[in-house]
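Below, read A as the first sequence line, B as the second, and so on, with proteins coming before strands; counting in each chain starts at 1.
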Number of protein chains: 2
Amino acid sequence: MAQAETVLPSDFFLDLDRSSPVPLYYQIATRLERAIRDEDLPAGSRLENEISLGQRFGFSRPTVRRAIQELVDKGLLVRRRGIGTQVVHGQVTRNVELTSLYEDLTQTGQGPTTEVVSREVLTADENAARELGVAVGDRVLRIVRLRYADGVPLAVLDNTLPSEFADFTEEELAERGLYQLLRARGITIRVAKQRIGARNATAKERELLALPKGSAVLTMSRTAFDSSGRAVEFGQHCYSPDLYSFEMTLVDK
Amino acid sequence: MAQAETVLPSDFFLDLDRSSPVPLYYQIATRLERAIRDEDLPAGSRLENEISLGQRFGFSRPTVRRAIQELVDKGLLVRRRGIGTQVVHGQVTRNVELTSLYEDLTQTGQGPTTEVVSREVLTADENAARELGVAVGDRVLRIVRLRYADGVPLAVLDNTLPSEFADFTEEELAERGLYQLLRARGITIRVAKQRIGARNATAKERELLALPKGSAVLTMSRTAFDSSGRAVEFGQHCYSPDLYSFEMTLVDK
DNA sequence: CTGACATCTTTGTTCGGACATAGTGACATT
DNA sequence: AATGTCACTATGTCCGAACAAAGATGTCAG
């Protein structure tokens, strides 16, 4: 059986602004995404085809395609040649994105607070030198922080940065997220490599996170690179297993 | 300091095939990716600009852009307006993709084997009904498998599927990966939602995975949808923490 | 009734062109 | 010496058009 085609009302794209600096394809994608999440475009329904959509609303086909592609990449739509474009699922979770835990918590409305457990400038060992691309013995900043969400200890964050950032103070680190501080210096993280695993908590971690003896922790180690390809930060994080998990939507390409 | 620009030799794209069904942009991207991984395009170097690249090798600019975009999405390249395109990092790990554990292991050359722990057809409880989009009380197939890599127990896989697949036999399940069996029936997984977490192993899991008392496990629960948006499979997996972890590369958009 | 074939629909790929925008650096002005 | 201006370069966005390929459907011969 062919799925029903949902026809968008002719005023659907009325409020978009062609003179805005926000790209047209992005404005279109945003409106479509909202319609999908509001189930104005129900799951399983077929979308009007690209050409008709473009003609009816006055967009070129490449622009319509690009907007649709954004939502395909997010896992909201699926395209099939000869068939059309269908809505997959309304409840797609936000992806694991290139954000810090601090930003994650802020966005979800849980007030993040930070306690600086230790902050020291030391010399890079072999591992730190390899990860950061500096020489063994170079000065690096190592900070261990305890991150709370709504007053509950959530994660232990152990990070190492190049000496350029050795002047980050305990006060700054307690008040702001690490990525926020880096951005304030004009450093933008563009690419990161990370690995998610599990192990048993150490005594120190149990103490900080108020976990029972023998408890598991969720671990994430990440190395982050800025836009010039330089390693800016690497760290090992561990999360209280009952309070945190990583969600993602995977899309077949 | 301006980064050095690497000029591709004029025979760089000589072996691509315009009559091949493999898209041109994809062939270009593949060759560029190999050059980056082989460090013929060293990390930090600038790529020749899009227009010149197109003219020199006879591609249109959209085609060149699309090829480059593939590698930007993979985290191998970074583009900056007014500056150019730079190579970020040669060692990017393969992403968490929409593959089954079985395929993962096959690709990395570790011989996967499977033991079917249990296989039963039962009626859907509330959770199964919600995840699969069927009615409570409908028949579903539930299978628990133990997956080995090179003879070592690696993961316990607990999956539930709609009644349509209730005829999967123990033999089939022991010999093939689940996604492989589904594909043989014409079902392709297109989108999946998953969550990665950690907890302590249950007694049963410790027994199956030969883990010590109190050991942690890495958990992954996934719901997979086919191209029509129907839920095809959901499951809870748990992995031996010392033997498995999830790696991914994140790219800022 | 069934299978082979043609046709239609819709997305996939590729081309060519135009203008906008953000860095960069040089030059002129204050 | 600091700052503003301008040209240059490279990517970002948008348009229009054409053909290819895949899936669905209808047609017709056997």
- Just to confirm, is there a sub-4.0 Å distance from OP1 or OP2 of C:dC15 to any side-chain nitrogen or oxygen of B:T63? yes
- Examine C:dA22: is either OP1 or OP2 under 4.0 Å from a nitrogen or oxygen in the side chain of B:R80? Give yes or no. no
- Out of curiosity, B:L250 CG to A:R222 CZ, how far, rounded to the nearest 0.5 Å? 5.5 Å
- Protein-nucleotide distance (A:F13, atom CZ; D:dC14, atom P), rounded to Å: 13 Å
- Can a side chain N or O of B:R61 be found less than 4.0 Å away from OP1 or OP2 on C:dG17? no
- Proximity to the side chain of B:R81 - top-ranked nucleotide from C:dA22, C:dT24, C:dT11: C:dA22
- Note on the structure: The side chain to side chain donor-acceptor pair (under 3.5 Å) partner of B:N159 among B:R142, B:E233, B:Q236 is B:E233
- Position toward the 5' end of DNA chain C (nearest nucleotide), A:P62 or A:G84: A:G84
- Task: Could you check how far CG of A:N49 sits from C1' of C:dG12, rounded to whole Å?
- Result: 14 Å
- Item | Within-4.5 Å side-chain heavy-atom neighbours: B:V87 and B:L47 | no
- Measure from CG on A:L16 to P on D:dT13 and round the result to the nearest Å. 16 Å
- Euclidean distance, B:D40 CG relative to B:L32 CG, rounded to 0.5 Å: 11.0 Å
- Taking for each residue the nucleotide of DNA chain D bearing the nearest heavy atom, is the 5' side occupied by A:G58 or by A:G82? A:G58
- Could you tell me whether B:R185 and B:E164 have a side-chain N and a carboxylate O separated by less than 4.0 Å? no
- Proximity to the side chain of B:R18 - top-ranked nucleotide from C:dT14, D:dA10, D:dT11: C:dT14
- Could you work out which one of D:dC14, D:dG12, C:dG12 sits closest to the side chain of A:P23? D:dC14
- Between atom CZ in B:F57 and atom P in C:dT14, what is the gap in whole Å? 17 Å
- What does B:R66 touch in the nucleic acid at a heavy-atom separation under 4.0 angstrom: a base, only the sugar-phosphate, or nothing? sugar-phosphate
- Query: When you check the phosphate oxygens OP1 and OP2 of D:dT11, does a side-chain N or O of B:T85 lie under 4.0 Å from one of them?
  - Reply: yes
- Determine: side-chain N/O of B:Y25 to OP1/OP2 of C:dT14, distance under 4.0 Å, yes or no. no
- Query: Starting at CD1 of B:I83 and ending at C1' of C:dT24, how long is that distance when rounded to a whole Å?
  - Reply: 7 Å
- Query: Got a second to check how far A:T63's OG1 is from A:L24's CG, nearest 0.5 Å?
  - Reply: 5.5 Å
- Item | Separation of C:dT10 P from A:R56 CZ (nearest whole Å) | 13 Å
- In terms of side-chain heavy atoms of A:R79, which of D:dT13, C:dG12, D:dC14 is nearest? C:dG12
- Message: Let's see if you can work this out: which of C:dT14, D:dT11, C:dT10 has an atom nearest to the side-chain heavy atoms of B:I51?
- Response: D:dT11
- Separation of A:R46 atom CZ from D:dA24 atom C1', in whole Å? 11 Å
- Atom CD of A:Q69 and atom C1' of C:dT13: how far apart are they, to the nearest Å? 13 Å
- Task: Counting heavy atoms from C-beta on, name the nucleotide in C:dT11, D:dG12, D:dC15 closest to the side chain of B:E50.
- Result: D:dG12
